[in-house]
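Beneath this line is the structure, given in structure tokens, with notes to follow.
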Amino acid sequence: MREGLASTVLRLSGEHLLLVLVAVTAGVLIAVPAGVFLTRRESWRAPLLLAANVVQTIPSLALFGFLIPVPFIGGIGKGTALVALILYALLPILRNTLAGILAVDAAVRESAVAMGMTDGQLLRIVELPLAARTILAGVRIAAVTTVGTATIAAAVGGGGLGDLIFRGIATVDTTLILAGALPAAGLALAIDGGLGWIEGRFSR
């Protein structure tokens, strides 16, 4: 019994980690370019940030439920779970990308422009390196919160450690609940520690 549970925990931990990695990676690929875009288009900032904030305020279980009937991306399974997790990951990455780039000293920008840098070179050589630590802090927040939110994915067939938690709740089995909750907490701590270490490297 214990060996069966241990193998199940290991398998579901892998599923859970994969959900988090895919969701956060997709969030970075969407939110970082969007944040860069917003630094160049001030008129778009308020509506896009408002949209991201609204998504963030929707309870996770409700968002999963809203997505189920949506054509192409909905239904029961990992697809719906991933879409929801990506949506939740966007706000901290988007906000930190915007904040990090806007925090670059104006004098530094002016010096770069005076040296003949194009806007693309300014972004690539000056702004993104200086904003990297702030952007990574947003990725770190998104990753840790996604670990927790991903446990709800089991409610829509998304798999992961939430399967054990929901089974434990349904059968009033504390062992199953802990078997899902403790590895999820361990994943969150490990990801937070790893990204925190990388973030610290940027401050040296």
Side-chain angles (χ1 to χ4, degrees), residues 8-9 11-38 44-99 135-170 176-177 179-192 194-195:
T8 300
V9 169
R11 176 178 58 81
L12 293 179
S13 295
E15 285 185 10
H16 203 92
L17 182 59
L18 184 61
L19 278 173
V20 173
L21 290 177
V22 172
V24 174
T25 299
V28 169
L29 293 176
I30 296 169
V32 171
V36 171
F37 172 79
L38 292 182
W44 287 70
R45 289 177 198 167
L48 284 183
L49 287 174
L50 176 61
N53 272 301
V54 168
V55 170
Q56 200 77 15
T57 61
I58 300 173
S60 54
L61 193 56
L63 182 58
F64 287 126
F66 291 148
L67 289 173
I68 289 174
V70 177
F72 304 112
I73 63 172
I76 300 296
K78 287 183 170 56
T80 299
L82 280 173
V83 171
L85 294 175
I86 291 167
L87 289 174
Y88 277 123
L90 292 178
L91 180 61
I93 303 171
L94 177 63
R95 182 181 287 163
N96 278 42
T97 300
L98 179 61
I135 295 171
L136 188 57
V139 174
R140 182 180 177 185
I141 293 168
V144 172
T145 55
T146 300
V147 172
T149 308
T151 58
I152 310 296
V156 293
L161 291 164
D163 278 350
L164 289 173
I165 296 174
F166 278 105
R167 280 165 50 193
I169 292 172
L176 283 178
I177 295 173
L182 292 180
L187 277 178
L189 289 172
I191 290 172
D192 184 56
L195 290 177

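Note that the structure is predicted; figures quoted are calculated from it, not measured.
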Find the distance between CG (N53) and CD1 (I58) and round it off to the nearest 0.5 Å. 11.5 Å
Ignoring hydrogens, what is the shortest heavy-atom contact between L38 and L48? Give both atom names and the distance. CD2-CD1, 3.4 Å
State, yes or no, whether a side-chain contact exists between L187 and L161 at a heavy-atom distance under 4.5 Å. yes
Minimum heavy-atom separation for P92 and I141, please, with both atom names. CB-CG2, 4.0 Å
Taking side chain as C-beta onward, heavy atoms only, is L90 less than 4.5 Å from Q56? no
How long is the straight-line distance from CD1 of I30 back to CD1 of I86, given to the nearest 0.5 Å? 5.5 Å
If the condition is side-chain contact (heavy atoms from CB on, under 4.5 Å), which residues does L61 pass it with, not counting sequence neighbours? I152, A155
Measuring from L87:CG to F64:CZ, what's the distance to the nearest 0.5 Å? 10.0 Å
L182: which residues meet the side-chain contact (heavy atoms from CB on, under 4.5 Å) condition with it, sequence neighbours left out? L178
Between T57 (side chain only) and V54 (backbone N and O only), is there a donor and an acceptor less than 3.5 Å apart? yes
Decide yes or no on side chain to side chain contact (heavy atoms under 4.5 Å, CB included) for I191 and V24, but give the supporting numbers first. CA-CA 12 Å; I191 290 172; V24 174; over 6 Å; no
Give, for atom CD1 of I135 and atom CZ of R95, the distance between the pair rounded to the nearest 0.5 Å. 15.0 Å
Contact summary for L94 and A52, nearest pair of heavy atoms: CD2-CB, 4.2 Å
Considering only heavy atoms from C-beta outward, does the side chain of V55 approach that of L91 to under 4.5 Å? no
Can you name the nearest heavy-atom pair linking A89 to T146, along with the distance? CB-OG1, 4.2 Å
Mind jotting down which residue pairs meet the side-chain hydrogen bond (donor to acceptor under 3.5 Å, both in side chains) criterion with at least one end in residues 78-90? Sequence neighbours excluded, please. none
In short, S60 meets T149 closest at the heavy-atom pair CB-CG2, 3.9 Å
To the nearest 0.5 Å, what is the distance between CG (L85) and OG1 (T145)? 9.5 Å
Roughly how far apart are L82 CG and L19 CG, rounded to 0.5 Å? 5.5 Å
Using a 4.5 Å cut-off on heavy atoms from C-beta on, say whether the side chain of L49 contacts that of L98. yes
Please find the pair of heavy atoms, one from S13 and one from P183, that lie closest to each other, and give the distance. OG-CB, 3.9 Å
